[in-house]
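Reading through the structure tokens given below for one structure.
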Amino acid sequence: MSRELAKTYDPKGIEDRLYQKWMDKKYFHAEVDHSKTPFTIVIPPPNITGQLHMGHALDNTMQDILIRYKRMQGYNALWQPGTDHASIATEVKIIEKLKEEGIGKEDLGRDGFLKRAWEWKKEYGGRIIGQLKKLGSSCDWERERFTMDEGCNRAVTEVFCKMHEKGWIYKGSRIINWCPVCNTSISDAEVVYEEQAGHFWHIKYPVIEDDGSVSTTRFVEFATTRPETMLGDTAVAVNPEDERYQDIIGKKLMLPFLNRELPVVADSYVDMEFGTGVVKITPAHDPNDFEVGKRHNLPEINVLNDDATINENGGKFCGMDRYEARGAILKELEEMGLLVRIEDHVHNVGTHDRCKTTVEPMIKQQWFVKMDELIRPAVEAVKSGDIQLIPKRMEKTYFNWTDNIRDWCISRQLWWGHRIPAYYCDKCGEIAVSADAPEKCAKCGHDHLTQDPDTLDTWFSSALWPFSTLGWPDETEDLKYFYPTDVLVTGYDIIFFWVIRMIFSGFEQMGEKPFRTVLFHGLVRDSQGRKMSKSLGNGIDPLEIIEKYGADALRLTLITGNAPGNDMRFYYERVESSRNFANKIWNASRFIMMNMGEPAEEIGEEGLALEPVDKWILSKLNTLIREVTDNMDSFELGIAVQKVYDFIWDEFCDWYIEMVKPRLYNSDDQASKTAALWTLKNVLIDALKLLHPYMPFITEEIFCSLQSQEESIMISDWPSYRQERSFLREETKIETIKEAVRGIRNVRTEMNVSPGRKALVYVVSEKEEIMDTFTEGKLFFASLAGASDVLLQKDKEGIAGDAVSVVISGATLYIPFAELVDIAQETERLKKEEKRLCGELARVNGMLGNERFLSKAPQSKIDEEKGKLEKYTQMLEQVKERLSQLQG
RNA sequence: GGAAGCAUAGCUCAGCUGGGAUGAGCGCUCGCCUGACUAGCGGGAGGCCAUGGGUUCGAGCCCCAUUGCUUCCACCA
């Protein structure tokens, strides 16, 4: 076997090869196994129209980390994948494509259109799956689902029928948001408000006098931002308390153009302070007016067609576009002297989040889900902590929505989606809701019924995702075993669209929450903090990053330096730094393999001549294992990997490997060399395991070449904390050495060691502890400023006082510590230290002298402080002694 | 109008339930091609933790106010 490995790590080829291997071995696959505890995550299904973007990359990296971690811990880990039909997004795309071919949606007809849609799905639906694989996602692809597959369709129909029977799904006339371009109603959540500069048109209507004549002197003035809606006015309202208008309440006004009589009604909805205190009421085109209309029994007159042109109720303006009509109406009003003035006005205009068209509130027959009862268990679950939101502050956002919930408009005038299972009798109009088309009308017996043409909001099926993917409505073993799922990972931006709806659906259909924990992440923004968007052209393609730096580097970048739920900025520099880390591990492993020679037979831990350095790194590793595991259990993914990163780079590479080199190069002591090699290899392996969830590819690649018999790191055991590997004494010892070495390095710069020479540093000390640490043997460390090699050794002759002796080019120098430093500098440093220690002591004394602290603080804390008191007192004494030496 | 978040090194951010800012990456600077790694090694300079009060033995962290930025919700004609 060749040990020749490239000097730099190149993920190209390696990643694809390993992913294929994992697939072949079926490591991602999970089946019901009652001997193991399940751990389940359902993927937020990406749209079939979608391409992998940074948000997906982050979301799926987090899920993969959790899944791989739990899998290594021995859980039966299932990551359930699938895609979303994304009704409106897909339909819009297909229409666009048809447009290029010069075909309209209507030309194809419903069936023809759906055929095209399925072709689209077949062609593009798999694209994003392939991209998720590039990222390393360990989903169980054998279980891949689609929101419009047979099972999900059944789930949707079942839920619709059940809820309809319960009376929680109803059909009704309401003001809904209508998108004239997409030609469909949209839910409140899909409306985005945009601030736009507009106008306030002050208009007046003439009063109809008691004798029936239209007054030429008495008018009522009001202001509007949408003059064209006047065609649908059926009243004018004032506040009942408003003194100014008491005389006209109950009178009638004349609506220009249409000669409709408008009653003046009194309603407390009107704000006296705002504008003129008069509001025109258009029940068919404004949600508030609709309510007023209901209270006063006003007629609802719809003046718009679905394409936002004026309909036959608009008199002579019939056929005009809404904005064209606005101009025409204003012009005529002006000519009639009814336009009083025009004011500039900035207001918020509702637009459709998909196409940015200004939505038009319209009165329509739509299907709704009644929310008040349904939402209750969903509120309770979060309140009681049955479902945990991370970070916790997301609960406020959650309750803000649940507290103000309105009925959910679920019908869409689209073709691509789940068709509503409602059938209308052609003869008597009776509605029948059922999974299968009824043969005849239950009321009149007529045998011809027509299905509702509308489809359901795309989130209706997504809401069922955690259990529909596990087989619901059938009572499957999967469902019993894997449900409820454990964690849902998603962005905070779809908390209303999706998270809440899954929660209430889970409780309603399953009688149980869909997941225990929701882990939110923020948005990935560009380096200037802007949202990545197509229109700005500032999107960064994760696949390009993977291509250039590798999936591991991308994953590490996305997961570090960011707290849950916070937005993050994407920097290429950070990807480079991640890539550099991959390279660092690669080279550390290369170093170890070079020294191992041919893959050696496994050496047992017992009987090893472990030296203090070995015990030190093992002890450090042991602590790391405990901390990382704790962090991951509390979903602190970024913190966990940061610790692994620091351990590998600083402790393992920069210190341990350097300290162990002399033992490897001068192999006179075989037992010592063996111990070093064993430690190198085993520490590396455990570190790789801790890193594997984050950087699956490189860890696997190294793991496999490091030990030929183990087939994969991803099914190896997660390292566990071992008490017997906690070597506190050795830790202290090596930390002392590190401090000494750093100290020597600092003075070294002033020693003018000529480049390319070797230096030997002998350390002489009366203090047994320091002696011991240096007698670890020949400690090698690189780059003591100018010296190409430096060896630290115990001096055999011994010189009083703390000192180092340096051998440069054959000449030996014994340098007491105190002389190595600039006395003025050192004095200053020591004085600072003294001051700090005095401060510390004051602090500790303050605490220990405080009765409230002593009575309230836990005993461990008090002991800790007592320990510090002792330590600081000692240190202060030493500092004082050194100071007096320097000054003396 | 209501709500939430953020303000810590030049930049981007970590700092867990109040207990020493040896914070991290990048950048900058000085010295090094040292037998794993220049995608590297070693050193260094950068912070009255936004402002003003308060609670506490002790505040980056808790409370109040102020300023600036971001986001979400509601939408008043």
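What you see is a predicted model, and the numbers here were worked out from it, not measured in a lab. So you know, we letter chains A, B, ... as the sequences are listed, proteins then strands, and number each from 1.
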Would you kindly give the [atom1]-to-[atom2] distance between [X] and [N], to the nearest whole Å?
{"X": "A:M594", "N": "B:rA36", "atom1": "CE", "atom2": "P", "result": "6 Å"}
{"X": "A:I559", "N": "B:rG25", "atom1": "CD1", "atom2": "C1'", "result": "16 Å"}
{"X": "A:Q642", "N": "B:rA14", "atom1": "CD", "atom2": "P", "result": "12 Å"}
{"X": "A:I657", "N": "B:rG42", "atom1": "CD1", "atom2": "P", "result": "12 Å"}
{"X": "A:L556", "N": "B:rC26", "atom1": "CG", "atom2": "C1'", "result": "14 Å"}
{"X": "A:E636", "N": "B:rG15", "atom1": "CD", "atom2": "P", "result": "8 Å"}
{"X": "A:M394", "N": "B:rA3", "atom1": "CE", "atom2": "P", "result": "18 Å"}
{"X": "A:I390", "N": "B:rU17", "atom1": "CD1", "atom2": "P", "result": "13 Å"}

Using the ring of each side chain (for Trp, its six-membered ring), is [X] parallel, tilted or perpendicular to [Y], with breaks at 30° and 60°?
{"X": "A:F647", "Y": "A:F652", "result": "parallel"}
{"X": "A:W649", "Y": "A:Y645", "result": "tilted"}
{"X": "A:H347", "Y": "A:H345", "result": "tilted"}

Checklist entry - What form does the base of B:rG10 take, syn (within 90° of 0) or anti? => result anti
Heavy atoms only, 4.0 Å cut-off, all strands: where does [X] land among base, sugar-phosphate and nothing?
{"X": "A:K584", "result": "base"}
{"X": "A:N631", "result": "nothing"}
{"X": "A:W649", "result": "sugar-phosphate"}

Checklist entry - Has A:K643 got a side-chain N or O lying under 4.0 Å from the OP1 or OP2 atom of B:rA24? => result no
Item to check | Distance below 4.0 Å between A:K7 side-chain N/O and B:rA39 OP1 or OP2 | outcome: no
Checklist entry - Taking the side chain of A:R393 as heavy atoms from C-beta outward, which of B:rA14, B:rG5, B:rA36 is closest to it? => result B:rG5
Next on the checklist: The side chain of A:A588 is closest to which nucleotide in this list: B:rA4, B:rA36, B:rA14?
Outcome noted: B:rA36
Same-atom distance ([atom1]) from [N] to [M], integer angstrom:
{"N": "B:rA14", "M": "B:rC75", "atom1": "C1'", "answer": "38 Å"}
{"N": "B:rA45", "M": "B:rG31", "atom1": "C1'", "answer": "15 Å"}
{"N": "B:rC33", "M": "B:rG25", "atom1": "P", "answer": "24 Å"}
{"N": "B:rU17", "M": "B:rU22", "atom1": "C1'", "answer": "25 Å"}
{"N": "B:rG43", "M": "B:rC26", "atom1": "P", "answer": "15 Å"}
{"N": "B:rA9", "M": "B:rU67", "atom1": "P", "answer": "23 Å"}
{"N": "B:rA59", "M": "B:rG54", "atom1": "P", "answer": "12 Å"}
{"N": "B:rA24", "M": "B:rC64", "atom1": "P", "answer": "33 Å"}

Are the side chain of [X] and the backbone of [Y] linked by a donor-acceptor contact shorter than 3.5 Å?
{"X": "A:D353", "Y": "A:V192", "answer": "no"}
{"X": "A:E190", "Y": "A:S187", "answer": "yes"}
{"X": "A:R574", "Y": "A:T557", "answer": "yes"}
{"X": "A:N239", "Y": "A:V270", "answer": "yes"}

Next on the checklist: Give me the stems containing RNA chain B, sorted by first residue, counting only three or more consecutive Watson-Crick or G-U pairs with both distances under 3.5 Å; say none if there aren't any.
Outcome noted: B:1-7 with B:67-73, B:10-13 with B:23-26, B:28-32 with B:40-44, B:50-54 with B:62-66
Next on the checklist: Would A:V279 and A:F274 count as a side chain to side chain contact (heavy atoms under 4.5 Å, CB included) here? Give the steps.
Outcome noted: CA-CA 10 Å; A:V279 183; A:F274 192 86; over 6 Å; no
Item to check | Base-contact (B) and sugar-phosphate-only (S) positions in nucleotides 70-77 of chain B, heavy-atom cut-off under 4.0 Å, - elsewhere | outcome: --SSBBBB
Next on the checklist: Tell me whether the count of non-hydrogen atoms from other residues, nucleotides or ligands lying under 6.0 Å of CZ in A:R406 goes above 12.
Outcome noted: no
Item to check | Residue A:K548 excluded, over 12 heavy atoms near NZ under 6.0 Å | outcome: no
Next on the checklist: Between A:W586 and A:D10, does the side chain to side chain contact (heavy atoms under 4.5 Å, CB included) criterion hold? Intermediate values first, please.
Outcome noted: CA-CA 10 Å; A:W586 179 253; A:D10 182 9; over 6 Å; no
Item to check | A:T276 vs A:Y245, side chain to side chain contact (heavy atoms under 4.5 Å, CB included): CA-CA, chis, key distance, verdict | outcome: CA-CA 10 Å; A:T276 59; A:Y245 300 112; 4.0 Å; yes
Checklist entry - Got A:M394 and A:V518 here, is their nearest side-chain heavy-atom distance under 4.5 Å? => result no
Item to check | Contact check, side chains of A:K620 and A:Y656, non-hydrogen atoms, under 4.5 Å | outcome: no
Checklist entry - In residues 572-583 of chain A, what residues come within less than 4.0 Å of RNA chain B, judged by heavy atoms? => result A:E573, A:S577, A:R579, A:N580, A:N583
Checklist outcome for this item: Of A:Y645 and A:M568, the one whose nearest nucleotide on RNA chain B sits closer to the 5' end is A:M568
